[in-house]
Asks: 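Once you've had a glance at the structure underneath, I'll fire off some questions.
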Amino acid sequence: MVSFWSFLLSYPEVFLAIACFFCLSLFRLVRHCHKSDLPVNWPVIGMLPFLVRNLYQIHDSVTDMLREAGCTFRIIGPWFLNMSFLATCDPATVNHCFNTNFNNYPKGSEFAEMFDILGDGLLVADSASWEYQRRVAMQVFASRAFRSFSMSTITRKAGTVLLPFLDHMAKHGSQVELEGIFMRFSLDVSYSTVFATDLDCLSVSHPIPAFGQATKEVEEGMLFRHVVPPSLWKLLRMLKVGSEKKMADARVVIDKFIYEEIAKWKAQANKECQGDVLSMYMNWPMDPSMSEQQKTLFLRDTVVGFIFAGKDLIAVTLTWFFYMMCKHPHVEAKILEEIKALQSTTWPGNLSVFECDNLRPATYLQAALLETLRLFPATPFEEKEALNDDVLPDGTMVSKGTRIVFSLYAMGRIKGIWGKDCMEFRPERWISKSGRLRHEPSYKFLSFNSGPRSCLGKDLGLSNMKMAAASIIYNFKVELVEGHAVMPESAVILHTRNGMMVRLKRRELTAA
Ligand code: HEM
């Protein structure tokens, strides 16, 4: 070391050259950081500083980054931490990975481990297990009994729980946190759709039930798993501490509820199928070689999947939809005009509820919901893992095991994909000249996924949201509390950061 310094001192020009080189590199780096949205790849720590610095607004930062990079960018994580991945919002790449080269992009074992709460269920399964579960689920979704039971459940819940709750808040002039209300409502609806029994999450006087609290804990744990190195959360899981301990406790609560519902179903004398998910699966002819224990586990994984698949996605989409209504009153006025012409039924408290089937002609309302999902996709990103080496349509090389993260949030905000007005909320873009809904390919509008794994609950979810949105708009004027900023949370589901504080006013309207 001493000889190194004495060498430098005896050759001051070499010392000066090295010092200049470092200063210049630092200067370029600082300038780059100021001018560019692309992350800098630092020695050892890779692009971790970018992720940490932008954690607060990760979806917007990744959008800016992908805009500048031309839709695809390789994020390098710290050495040895297995955090590197390819980020993209390129529809051609989406089409390649979700459709044409589907078999090379399974969800992967890392994904299944990250979402271990879902067991071996449909949402995390791959290969033969996924194919079997998907076939069964498709038949359940296609059955008339399931469809009519789900639709009547949501109508009943809107008429008996959601609207009376909002009416109570309107009468008292209280401020309401709308996302929380939608989360409770969606959980209520999902639970009843799955078990044909009520959880009562939206009571004015009762706290959220233990099951609802547990699903929240699980979701927070999932977020933690996404932002720290896998080795860290796996260590915490092994030690049963921190967020992993909370997740494990939450799983015990969730499983207790589910096993109790299964036991209740088995104990009842009348095993007639009402159309709820549990009875549909209970009556399904399962593989006779399965033991009773395996059958119960299969049911557990299935019903957890059904509950987690839609509930939060519907809740956050409704929240962003009402945020858009507050910001674009002319859109809300057009929706109101559209639904005034449709039939609704009157429930206690003189509250009008629209049944899903009566809302079929409400094209503009559906366009507004799709436009909400374009700008605020309920799942802001999707992940896949390459099974074998591959080359993406833009020439990017992908090696076996590479994680690819698809930013749905960025996809909706890129001019090259949606045009110059991509940042504007304009339901009209979804309506064709003939007044019908315009079809957009799913690899461009990825909110319900694309290809063989596309969402099985898309129609049901849209019907539910149309019903809730129409019934609320018809009965109430929703106003944002002044000064309350609404922005996206950096999470696996696009929640609002601080909720959405609103005031409700009852409209004086009568059904047409
Ligand atoms: C706003 C409403 C909804 C949105 C935005 C949505 C979106 C999605 C997305 C993005 C996926 C792919 C997930 C992944 O691959 O990781 C998916 C899958 C799925 N969704 Fe939905 N969903 C919604 C509502 C529902 C509802 C209400 C149900 C049913 C209760 C449902 C059932 C499913 C199922 C079963 C899958 C798994 C398909 C498979 O892996 O083969 N979804 N959904």
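Hydrogens, waters and symmetry mates play no part in the numbers below; they use all other heavy atoms, side chains included. Remember, it's 1-based here, ligands and their atoms both numbered in the order they're listed.
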Asks: Could you check whether Glu219 pairs with Lys216 (Lys NZ or Arg NE/NH1/NH2 to Asp/Glu carboxylate O, under 4.0 Å)?
Replies: no

Asks: Would you mind checking if Arg134 and Glu131 are paired as a salt bridge, meaning a charged N to carboxylate O distance below 4.0 Å?
Replies: no

Asks: For atom 12 (C) of ligand 1, grab the closest protein heavy atom and report residue, atom and distance to one decimal in Å.
Replies: Asn449 ND2, 3.2 Å

Asks: Looking at atom 13 (C) of ligand 1, what's its closest protein heavy atom, distance included?
Replies: Glu382 OE2, 3.7 Å

Asks: Checking Lys295 against Trp284: charged group under 6.0 Å from the ring centre and within 45 degrees of the axis?
Replies: no

Asks: Phe98 ring centre to Lys384 NZ or CZ under 6.0 Å, with the angle to the axis within 45°?
Replies: yes

Asks: Going by distance only, is there an N or O of Ser454 that falls short of 3.5 Å from an N or O of ligand 1?
Replies: no

Asks: Should the pair Arg497 and Tyr56 be classed as cation-pi, given the thresholds of under 6.0 Å to the six-membered ring centre and 45° from the axis?
Replies: yes

Asks: Heavy atoms only, cut-off 4.0 Å: how does Thr379 contact ligand 1, side chain, backbone, both, or neither?
Replies: side chain

Asks: I'd like to know if Glu110 pairs up with Lys234 as an ion pair, taking the criterion as any Lys NZ or Arg NE/NH1/NH2 lying under 4.0 Å from an Asp or Glu carboxylate oxygen.
Replies: yes

Asks: Looking at atom 3 (C) of ligand 1, what's its closest protein heavy atom, distance included?
Replies: Phe448 CE2, 3.6 Å

Asks: Just to confirm my output: which protein heavy-atom neighbour is closest to atom 24 (C) of ligand 1, and how far is it?
Replies: Gly310 CA, 3.9 Å

Asks: Checking a contact table here: which protein heavy atom is nearest atom 28 (C) of ligand 1, and how many Å away?
Replies: Gly457 CA, 3.5 Å

Asks: Give the numbers and elements of all ligand 1 atoms closer than 4.0 Å to a heavy atom of Leu122.
Replies: 35 (C), 40 (O), 41 (O)

Asks: What is the closest protein heavy atom to atom 19 (C) of ligand 1, and at what distance does it sit?
Replies: Cys455 CA, 3.7 Å

Asks: Does the Lys NZ or Arg CZ of Lys311 fall within the cation-pi geometry relative to Phe308 - under 6.0 Å from the ring centre and within 45° of the axis?
Replies: yes

Asks: Give the residue, atom name and distance (to 0.1 Å) of the protein heavy atom nearest atom 37 (C) of ligand 1.
Replies: Leu123 CD2, 3.4 Å

Asks: Tell me, please: is Ser447 in heavy-atom contact with ligand 1, that is, under 4.0 Å?
Replies: yes

Asks: Cation-pi check, Arg413 to Phe376: give yes when NZ or CZ is under 6.0 Å from the six-membered ring centre and within 45° of the ring axis, no otherwise.
Replies: yes

Asks: Report the part of Phe141 in contact with ligand 1, treating N, CA, C, O as backbone and CB onward as side chain, heavy atoms under 4.0 Å; options are side chain, backbone, both, neither.
Replies: side chain

Asks: Report yes or no: does Met465 have a heavy atom closer than 4.0 Å to ligand 1?
Replies: yes

Asks: Going by an N to O cut-off under 4.0 Å, is there a salt bridge joining Lys334 and Glu428?
Replies: yes

Asks: Backbone, side chain, both or neither: what part of Arg134 comes under 4.0 angstrom of ligand 1, heavy atoms only?
Replies: side chain

Asks: Which of the listed options, Lys107, Lys311, Lys458, holds the heavy atom that is closest to atom 15 (O) of ligand 1?
Replies: Lys107

